[in-house]
There are 2 protein chains.
Amino acid sequence: MGRSCKFIGMASSDAGVRAVAGSFGEAAASPAASAARFRVAVPSVASRVAAELRYQLAEGTLLPGEKLTEATIAEELGVSRNTVREAFAELASERLVVRHPNRGVFIASLGAGDIHDVYTVRRAIEVSSIRNGGSPERIAAVRAAVEEGRKAAEAGDNEGLGSANQHFHRAIVGLAESHRLDMIMAQVLAEMRLFFHKATVDAKFYSGWLEENDRICTALEAGRTEEAGELLLAYLNASEEKQRSVHGE
Amino acid sequence: MGRSCKFIGMASSDAGVRAVAGSFGEAAASPAASAARFRVAVPSVASRVAAELRYQLAEGTLLPGEKLTEATIAEELGVSRNTVREAFAELASERLVVRHPNRGVFIASLGAGDIHDVYTVRRAIEVSSIRNGGSPERIAAVRAAVEEGRKAAEAGDNEGLGSANQHFHRAIVGLAESHRLDMIMAQVLAEMRLFFHKATVDAKFYSGWLEENDRICTALEAGRTEEAGELLLAYLNASEEKQRSVHGE
DNA sequence: ATTCTCCAGATTGTTCAACGATTCAGCATT
DNA sequence: AATGCTGAATCGTTGAACAATCTGGAGAAT
């Protein structure tokens, strides 16, 4: 019986579209796709299920370590078990869930080692991106993220503050104008979001990096990319240290 | 009717195992998995199908742009269409195939833009890894890859030469001891393999980088990581340029 | 009391068959 | 030549089924 598909449209911002965006994002790559450039992006049901789960995951409805039962989710969302399975495959490829053969899929949880690992990736791609500078437009995007953070701070919007920080770092990676780097960064940030629910938004946690971001951005605008890279690196190291202290060990 | 599963075991070296390795590779991350640490790694059928396709892809049996029909492959490999579908999802997440909704999946092909993109990723993670040095064991692994290349050159083994080069660069990323960076590198290399079939192994293509690798490795061993990074960066830039010239535009 | 064996219940992995939806190519129409 | 239609092929999704595997506990053995 076809149910009401109540989860349509509540996809998590960009995640839901990405799966489909990938199918026409490489217009230059596949000649056959050049004709259908403006295809209407209607994500498959599987992708929407994945998006819904991503949403609940970012929202904190689903907690790390929790088990996801195929049948349950299939019924809850009114889709076939097979479709849920495809959604799981999608999420597993993003490391948001872990598959244990014959046991099921569990929401991923970052261990102490993973924290260092994630920050290693961030150091690699963020510092590399900023050291090579970027077009004026891309630099402007970085500045915009700094402004966004400042406004959120003034408004006392803690939620917006965290999101602005993510925009800042995403904008930095954006300097490189590399689709693949953007994807990697998005994935890493998604993994970290999973984690932030433990280290609940700590007021002190965000203190300080507002001006830090400003300084980094200023150095970047002035063309002192080497200095910007150093500042960013220092920030990432400090951030990792903070995370580690918050998260035991 | 259960067929003979003739493709069991012919998985492409590491690719086939990786999907499963991921399910118990994070022993520290998921506490629940600690008990079943030594589980026998029997990849699911879907993973084996994916491995088989990866193999044919690396082998050149399947060419970029080619279409993969679900039903055909399902019959050829004696598995269900649904399973093939899961395999496709796996490959799509690795960018080895591209999904066109309602049209099918096609073997990915790298365009001019993708080349630059891929090299941007490599510059970011390889240079970052080498600049931070690494443990003696990891450095020894880099040296081993250089030796492997030298021996292959002496033996006139062109095939082994290319593979040694990949080992070299993988060893460099290995310096960072980051599982995620390793995965990213493996994926990027897999993508490039797809591409090399066009720029058929050109003798001149490999000329020069043998000593280049040696010099990079020597600098690394001497602790001159900054210099090693510069050399590596120069190599990557030159390599990208070569690729671009070979590949039109 | 601890360990071992074994069994029943639950969940996953995989297959199969079916149906609507979408695309594509060829042909007819204007 | 451009447009619109029709039919075949393929994809997306569903639902049901079955074997394989895991889980947890009851009972037996030490």
Side-chain angles (χ1 to χ4, degrees), chain A residues 1-5 7-8 19-20 23-24 30-50 52 66-92 97-106, chain B residues 1-5 7-8 19-20 23-24 30 32-52 66-92 97-106:
Chain A
M1 317 85 179
R3 286 150 196 82
S4 56
C5 280
F7 59 89
I8 289 188
V20 173
S23 67
F24 63 84
S30 155
S34 58
R37 189 134 45 147
F38 291 114
R39 169 165 306 137
V40 198
V42 178
S44 71
V45 175
S47 288
R48 279 180 312 203
V49 171
E52 167 66 13
E66 196 170 331
K67 178 181 177 185
L68 299 180
T69 307
E70 294 184 355
T72 305
I73 295 188
E75 195 179 5
E76 279 180 7
L77 269 52
V79 300
S80 165
R81 194 160 74 88
N82 257 325
T83 303
V84 173
R85 193 156 245 281
E86 274 199 52
F88 282 171
E90 195 173 321
L91 295 176
V97 302
V98 180
R99 263 197 142 120
H100 289 245
N102 283 314
R103 282 172 32 84
V105 315
F106 300 80
Chain B
M1 315 87 177
R3 285 152 197 80
S4 55
C5 279
F7 59 90
I8 289 187
V20 174
S23 68
F24 63 84
S30 153
S34 58
R37 189 137 43 151
F38 291 114
R39 168 165 307 132
V40 200
V42 178
S44 70
V45 176
S47 289
R48 280 179 311 200
V49 170
E52 167 66 13
E66 196 170 329
K67 178 180 178 185
L68 299 180
T69 307
E70 293 185 355
T72 305
I73 295 188
E75 195 179 4
E76 277 179 9
L77 269 53
V79 300
S80 164
R81 193 159 73 91
N82 254 324
T83 303
V84 173
R85 191 157 246 280
E86 276 197 50
F88 281 171
E90 196 173 321
L91 295 176
V97 302
V98 181
R99 265 198 140 118
H100 288 245
N102 283 314
R103 282 171 33 84
V105 315
F106 301 80

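Protein chains get the first letters and strands the later ones, always in sequence-line order, with residue 1 at the start of each.
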Which pairs, protein N/O on one side and nucleotides 4-11 of chain D N/O on the other, fall under 3.5 Å?
| unit_1 | atom_1 | unit_2 | atom_2 | d |
| --- | --- | --- | --- | --- |
| dC11(D) | OP1 | Glu70(B) | N | 3.4 |
| dC11(D) | O3' | Asn102(B) | N | 3.4 |

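- Whole-Å rounding puts the Asn82(B) CG to dG15(D) P distance at 13 Å.
- Looking at residues two or more places apart in sequence or on another chain, you find a side chain to side chain contact (heavy atoms under 4.5 Å, CB included) between Ala87(A) and Val49(A), Ala50(A).
- Of the possible donor and acceptor atoms, none in the side chain of Thr69(B) sits under 3.5 Å from a partner among the backbone N and O of Ala71(B).
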Note to self: Between Val97(B) and Phe106(B), is the side-chain contact (heavy atoms from CB on, under 4.5 Å) condition met? List the steps.
What the structure shows: CA-CA 5 Å; Val97(B) 302; Phe106(B) 301 80; over 6 Å; no

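- Note: CD (Glu75(A)) to P (dT14(D)) measures 14 Å, nearest angstrom.
- dT21(D) atom C1' lies 15 Å from atom CZ of Arg99(A), rounded to whole Å.
- Closest heavy-atom contact between Glu86(B) and Ala46(B): CB-CB, 3.9 Å.
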Checklist line | Derivation of the side-chain contact (heavy atoms from CB on, under 4.5 Å) call for Glu70(B) and Thr72(B) | finding: CA-CA 6 Å; Glu70(B) 293 185 355; Thr72(B) 305; over 6 Å; no

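- In this structure, Ile73(A) atom CD1 and dT11(C) atom C1' are separated by 13 Å, rounded to whole Å.
- Just one residue in the list Val84(B), Val105(B), Thr83(B) forms a side-chain contact (heavy atoms from CB on, under 4.5 Å) with Ile73(B), and that residue is Val84(B).
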